[in-house]
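Computed from a predicted structure; not experimentally measured. If you read the sequence from its start, that first residue is 1, and numbering goes on from there. Atoms within each ligand, like the ligands themselves, are counted from 1 in listed order.
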Amino acid sequence: MDNLILVTGGAGFIGSHTCVALSAAGYRPLILDNLNNSDVRVLERLAKITGRPPSFIKGDVRDRTLLDRIFREHNISGVMHFAGLKAVGDSVTDPILYYGNNVTGALVLAEAMQAAAVKTLIFSSSATVYGTPERSPIPESAPCRPANPYGRSKRMVEQMLADLQHSQPDWRISLLRYFNPVGAHQSGLIGEHPLGNPNNLMPLVSQVAVGVRDQLAVHGNDYPTHDGTGIRDYVHVMDLAEGHVAALRHAASGPGLVTLNLSTGQGASVLDVVKAFERASGQRIAYEVGPRRPGDVAAYWGDPSLAQVTLGWRARRGMDQMCADTWRWQQQNPQGYESDGAL
Ligand code: NAD
Ligand code: WQD
């Protein structure tokens, strides 16, 4: 069988949803995760959705000995590399932690793949590599000027993998730049459960709706946007997941390197998200407008047309569904995977 896909970071938010999409498309995911930002109970939830528990190995992607063993013992046809750290603020205070996890992780993985002659790789990159964009929608050809260590770690890995593919043209590499991933699987069984204090908008909005938090702090309403609040390109995590399956299918068509935005092409403001969440949940979202958040860009959204042409993929789920699915997950699991209500 050549449909076994190694999914590093597969217990996390985007990786777990991609495991569902992989299973639906006839692939078998093998998750490698150190559970540093995830909960092992996601595996039971995945089994419930797909009818079969995913194979799971607890371990670190920087562990070369472990990777060599995994490639030796399993007939892996491709790798999706989600494992990494993603909090921009933490990357500023502890850059070495971020370069170590994100850059060394990808390097050790690429070395092990090369040794095992597994040459299909899909990498989780981020719109954060663009830094402050000159215009929106942002095409993939826009200059990359990441503004923090997290973004630079993603850009370094992109460059390393491009050099690898250039030197060994039989590799099949997809660099997928996600915009703002939100939402949850429509079952409400899996979703995003940030450990510690979340910084991202959608988890905070849903925590206000469910009553875990009193109100949302809106970071500035004096931007040059239709309502003064920041605009982003929110993309449903199941659309992202399906984009990965499309990238895997594309890789099967031949070697090469593709760099693609996974985005909707549409921007929504903070208050647009608040209103959509109120509609989806029937709850009022209390908020208070505060100062701008340092480092924030007023508005950006991605140009998804290259992904559509290359992969035949486009985001199908809109903001109302992103909010409805987030709300179902949040309501059924107010404590994330510690809640047992959904099982
Ligand atoms: P997540 O934290 O939920 O998932 C990452 C998973 O990787 C976690 O389960 C964590 O335990 C695991 N992990 C971390 N370091 C590891 C290591 N060294 N070895 C093994 N496992 C390790 O994050 P996510 O939102 O699912 O993001 C997945 C990927 O997508 C990350 O690389 C992230 O940088 C990238 N990305 C995320 C976003 C976003 O806003 N969520 C946007 C763009 C790109
Ligand atoms: C969205 C909007 C905030 C919280 C980050 C990373 C990026 C990528 C995705 C990984 C902005 C506003 C937020 C709050 C608010 N991750 N906001 N009150 O900053 O666009 O992107 O996550 O690759 O690299 O930087 O996402 O969800 O934090 O913010 O008003 O309490 O919501 O100012 O306009 P961001 P976000």
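Close contacts between ligand 2 and Tyr150 involve ligand atoms 10 (C), 23 (O), 24 (O) [criterion: under 4.0 Å to a heavy atom]. Atoms of ligand 2 found under 4.0 Å from any heavy atom of Ala217 (numbered from 1 in listed order, with element): 14 (C), 15 (C), 18 (N), 30 (O), 31 (O). Residue contact check: Val270 has heavy atoms under 4.0 Å from atoms 12 (C), 30 (O), 32 (O), 34 (O) of ligand 2. Every atom of ligand 2 is numbered from 1 in the order shown, and the set under 4.0 Å from a heavy atom of Thr128 is 24 (O).
A donor atom on one side chain and an acceptor atom on the other are not found under 3.5 Å apart for Asn261 and Ser263. In the model, Thr264 has a side-chain atom that pairs as donor or acceptor with a side-chain atom of Asp233 under 3.5 Å. Gln330 and Trp327 share no side-chain donor-acceptor pair at under 3.5 Å. Between the side chains of Glu158 and Ser125, a donor-acceptor pair is found at a separation under 3.5 Å. For the residue pair Asn200 / Arg232, no side-chain donor-acceptor distance below 3.5 Å is found, with atom types taken as modelled. If you check the side chains of Asp39 and His193, you find no donor sitting under 3.5 Å from an acceptor.
Of the protein's non-hydrogen atoms, Asn180 ND2, 3.6 Å is the one closest to atom 35 (P) of ligand 2. For atom 6 (C) of ligand 2, the closest non-hydrogen atom of the protein is Val88 CG2, 3.9 Å. If you check which protein heavy atom lies closest to atom 31 (O) of ligand 2, you get Leu204 CD1, 3.1 Å. Looking only at heavy atoms of the protein, atom 2 (C) of ligand 2 is closest to Tyr234 OH, 3.5 Å. Closest protein heavy atom to atom 19 (O) of ligand 2: Arg293 NH2, 2.8 Å. Atom 15 (C) of ligand 2 has as its closest protein heavy atom His219 CD2, 3.3 Å. In terms of protein heavy-atom proximity, atom 27 (O) of ligand 2 is closest to Leu201 N, 2.7 Å. Taking atom 8 (C) of ligand 2 as the reference point, the nearest protein heavy-atom neighbour is Ser126 OG, 4.3 Å.
Under the 4.0 Å criterion applied to side-chain N and carboxylate O atoms, Glu111 and Arg62 are not assigned as salt-bridge partners. Using a cut-off of 4.0 Å between Lys/Arg side-chain N and Asp/Glu carboxylate O, Arg314 and Glu242 are scored as not salt-bridged.
Across Val218, Val129, Asn200, heavy-atom proximity to atom 5 (C) of ligand 2 is greatest for Asn200.
Note: Trp329 and Tyr337 meet the aromatic proximity criterion, with ring centroids under 6.0 Å apart.
In Thr229, neither the side chain nor the backbone holds a heavy atom less than 4.0 Å from any atom of ligand 2.
Ring-plane geometry between Tyr130 and Phe179 is classed as tilted, the angle between the planes lying from 30 to 60 degrees on a 0 to 90 degree scale.
When all heavy atoms of Ser38 and Ala11 are compared, the pair lying nearest together is CB-O, 3.4 Å.
With a 6.0 Å radius and a threshold of 12 heavy atoms from other residues, nucleotides or ligands, Gln283 has its CD atom above the threshold.
Contact residues of ligand 1 (protein heavy atom closer than 4.0 angstrom to a ligand atom; sorted by chain and number): Gly9, Ala11, Gly12, Phe13, Ile14, Asp33, Asn34, Leu35, Asn36, Asn37, Ser38, Gly59, Asp60, Val61, Arg62, Phe82, Ala83, Gly84, Lys86, Asn101, Ser124, Ser125, Ser126, Tyr150, Lys154, Tyr178, Phe179, Pro181.
Considering Trp313, Tyr27, Tyr178 in turn, Tyr178 is the only one that fulfils the ring-ring contact (aromatic ring centres under 6.0 Å, His included) rule with His244.
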